[in-house]
Amino acid sequence: MTHAPRTGIWLIGARGSVATTTMVGCAALVAGLHPPTGMATETPELADAGLPPLASLVFGGHDTTDCPLPKRAEQLTTAGVLPYGLAQAVTRELEAADREIRPGGPAPGDTRTDEQLISAFTHDLTDFRRRIGLDRVVVVNVASTEPASGGVGLPPSTLYAAAALRAGCPYINFTPSTGLRHPALAAPLAASRLPHAGRDGKTGQTLLRAVLAPMFRQRALTVRAWSGSNLLGGGDGAALADPAAAAAKNAGKERVLTDTLGPGVEGEVHIDDVPAMGEWKTAWDHIAFDGFLGTRMILQTLWQGCDSALAAPLVLDLARLAARAHEKGLTGPLEDLAFYFKDPEGTPPASLADQYARLLSFGRSLGDRPGTGATGAGDARTGDRGAGDTGTADAGAGDASTAGPGTADAGTGDPSTGDARTAGPGTADAGTGTADAGTGTAR
């Protein structure tokens with residue numbers, strides 16, 4: 001008897017605002033309590049992409065905090081993020097997800113090496129997939145932006161990304177943190193032949209920029225300066241009070257202007273932490289431009305929104321698209337998902353309209369008959385750009401793939417049964433035998 005396919009969604013920062021809203025939202029949609037507002041994957045244009053149903057998603061993750069998900073959902077209800085009564089209506093689903101969250105790190109005082117942390121994280125992923133009988137697991141980083149790494153070790157986001165590669169999991173980086181883009185992961189990433197996408201979800205100010213900047217270019221209006229300000233609270237506000245973390249965030253915001261209007265546009269974005277704003281943010285842009293005969297004009301925009309409610313539907317979209325890409329045998333960077341990111345992989349178009357067209361074309365290729373997606377439509381990427389090879393690193397449950405900085409050993413199976421998994425030549429490292437690993441901060 002065959003089981004209905006199920007897909008795991010492993011959230012880094014699993015007790016944070018974005019992750020909690022994502023899990024509450026998915027449960028609410030499955031129960032028919034709310035419509036799928038904000039989810040492009042639930043529109044008619046992507047109905048035939050063959051994406052995993054929302055009811056088939058199983059959640060788990062890593063986090064350094066220990067606040068139970070039902071309690072976190074209550075806090076978001078008080079903050080006005082979740083509708084009153086919804087958290088109570090999906091308590092059973094939140095409790096089930098809470099049981100699948102593992103300690104992350106590195107925690108303060110943690111003496112484990114990078115390799116030990118990666119092995120522990122890998123074990124958590126492979127155990128989750130094997131124990132529940134999942135067809136695949138997609139890792140999504142929704143943790144708060146990490147500060148610039150000044151030490152000798154790898155940043156937390158890269159440790160998690162390395163574990164995803166080693167466990168054979170597609171990876172999505174919804175944050176501006178380093179993740180897969182660390183030089184130490186270049187070779188393991190290429191060898192993994194896994195689909196991946198990032199970086200930094202596009203939810204508000206940059207979303208508007210991706211619409212407005214092409215408008216100015218298409219109407220041949222000269223933009224002289226484009227300045228902005230972001231006021232936000234919550235975990236992101238605190239994290240982005242660090243100038244180095246804010247610089248990483250702003251780099252993505254500026255990319256759309258440079259890619260669309262070219263270099264030389266004056267102005268920058270300032271980010272201010274305002275704890276009193278809680279889960280809400282305000283983004284203001286001031287655009288100075290020249291019209292016919294040099295007439296000087298100004299456009300100002302004001303965006304006030306709830307970042308968690310804006311991000312959660314995108315997380316569900318991305319996880320389902322990455323899972324389907326993996327099922328189809330696609331490998332490498334998924335440039336056609338640039339629609340969702342400030343700083344996307346490769347060199348996709350900067351215009352939101354063009355990115356949306358690419359997304360729809362990608363969706364059509366995903367809906368093709370099995371085995372054709374990797375070479376169809378010219379959008380889907382394969383590991384060998386000149387070949388139709390659609391092999392993946394994760395052919396089935398419980399089989400970990402080689403990844404990690406300069407190492408060929410793999411994650412572990414269940415140490416209680418002595419069932420170690422190895423996916424690379426050389427050693428069969430059984431890892432640390434513990435589910436206690438470290439993590440970045442919850443968003």
Side-chain angles (χ1 to χ4, degrees), residues 3 5-27 30 52-73 90-105 117-143 156-157 159-175 312 315-316 318-320 322-323 326 394 397-400 411-414 421 431-432 434-443:
H3 72 281
R6 291 196 294 174
T7 299
I9 310 299
W10 191 267
L11 301 168
I12 308 303
R15 301 188 192 279
S17 300
V18 172
T20 304
T21 305
T22 298
M23 290 182 275
V24 169
C26 185
V30 171
L54 291 170
S56 73
L57 305 183
V58 181
F59 291 93
H62 281 119
D63 208 310
T64 52
T65 66
D66 58 5
C67 178
L69 284 180
K71 180 64 175 178
R72 188 73 185 95
V90 298
T91 296
R92 182 170 59 88
E93 290 86 349
L94 290 177
E95 289 175 342
D98 196 66
R99 290 192 292 270
E100 300 300 336
I101 298 177
R102 301 294 179 261
L117 288 164
I118 294 169
S119 293
F121 296 158
T122 304
H123 166 70
D124 292 338
L125 287 166
T126 55
D127 175 68
F128 176 61
R129 180 174 56 205
R130 182 175 54 253
R131 179 168 41 79
I132 299 178
L134 302 170
D135 292 79
R136 57 190 43 82
V137 176
V138 179
V139 176
V140 187
N141 183 10
V142 289
S157 66
L159 298 176
Y160 292 120
L165 297 182
R166 190 174 295 182
C169 300
Y171 175 83
I172 302 292
N173 189 0
F174 202 75
T175 80
V315 172
L316 291 172
L318 286 163
R320 298 169 78 201
H326 187 243
D394 181 14
D399 186 13
T412 71
D414 184 350
R421 295 288 188 265
T432 64
T434 175
D436 186 11
T439 158
T441 58
R443 185 175 186 178

Rounded to the nearest 0.5 Å, what separates atom [atom1] in [X] from atom [atom2] in [Y]?
X: R99; Y: L69; atom1: CZ; atom2: CG; result: 11.0 Å
X: N141; Y: S157; atom1: CG; atom2: OG; result: 6.0 Å
X: I9; Y: L57; atom1: CD1; atom2: CG; result: 5.0 Å
X: D124; Y: R129; atom1: CG; atom2: CZ; result: 12.5 Å
X: L159; Y: T122; atom1: CG; atom2: OG1; result: 10.0 Å

**Report entry** Criterion side chain to side chain donor-acceptor pair (under 3.5 Å) on R72 and S17, from CA distance to verdict
**Finding:** CA-CA 8 Å; R72 188 73 185 95; S17 300; 2.6 Å; yes
Query raised in the report: Quick one: which of T7, V58, L125 gives a side-chain contact (heavy atoms from CB on, under 4.5 Å) with V137?
Result: L125
**Report entry** Given V140, I172, T21, the one that forms side-chain contact (heavy atoms from CB on, under 4.5 Å) with V315
**Finding:** V140
Report summary line: Residue set satisfying salt bridge (charged side-chain N to carboxylate O under 4.0 Å, His left out) with E93, at least two apart, ordered chain then number -> none
Query raised in the report: According to the interplanar angle, ranging from 0 to 90°, do the rings of W10 and H62 count as parallel (below 30°), tilted (30 to 60°) or perpendicular (above 60°)?
Result: perpendicular
**Report entry** Non-neighbouring partners of A73 that pass side chain to side chain contact (heavy atoms under 4.5 Å, CB included), sequence neighbours left out
**Finding:**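 Side chain to side chain contact (heavy atoms under 4.5 Å, CB included) check on A73 returns T20, V24, L82, A87, L94.
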Report task. Answer yes when R15 and D98 have at least one side-chain N-carboxylate O distance shorter than 4.0 Å, and no when they do not. Result ->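 Salt bridge between R15 and D98, a charged N being under 4.0 Å from a carboxylate O: yes.
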Report task. Could you check Y171 against L165 for side chain to side chain contact (heavy atoms under 4.5 Å, CB included), going step by step and ending with a plain yes or no? Result -> CA-CA 8 Å; Y171 175 83; L165 297 182; 5.5 Å; no
Query raised in the report: Should S119 and R166 be marked as a side chain to side chain contact (heavy atoms under 4.5 Å, CB included) after you check the CA-CA gap, both sets of side-chain angles, and the distance that decides it?
Result: CA-CA 9 Å; S119 293; R166 190 174 295 182; 3.4 Å; yes
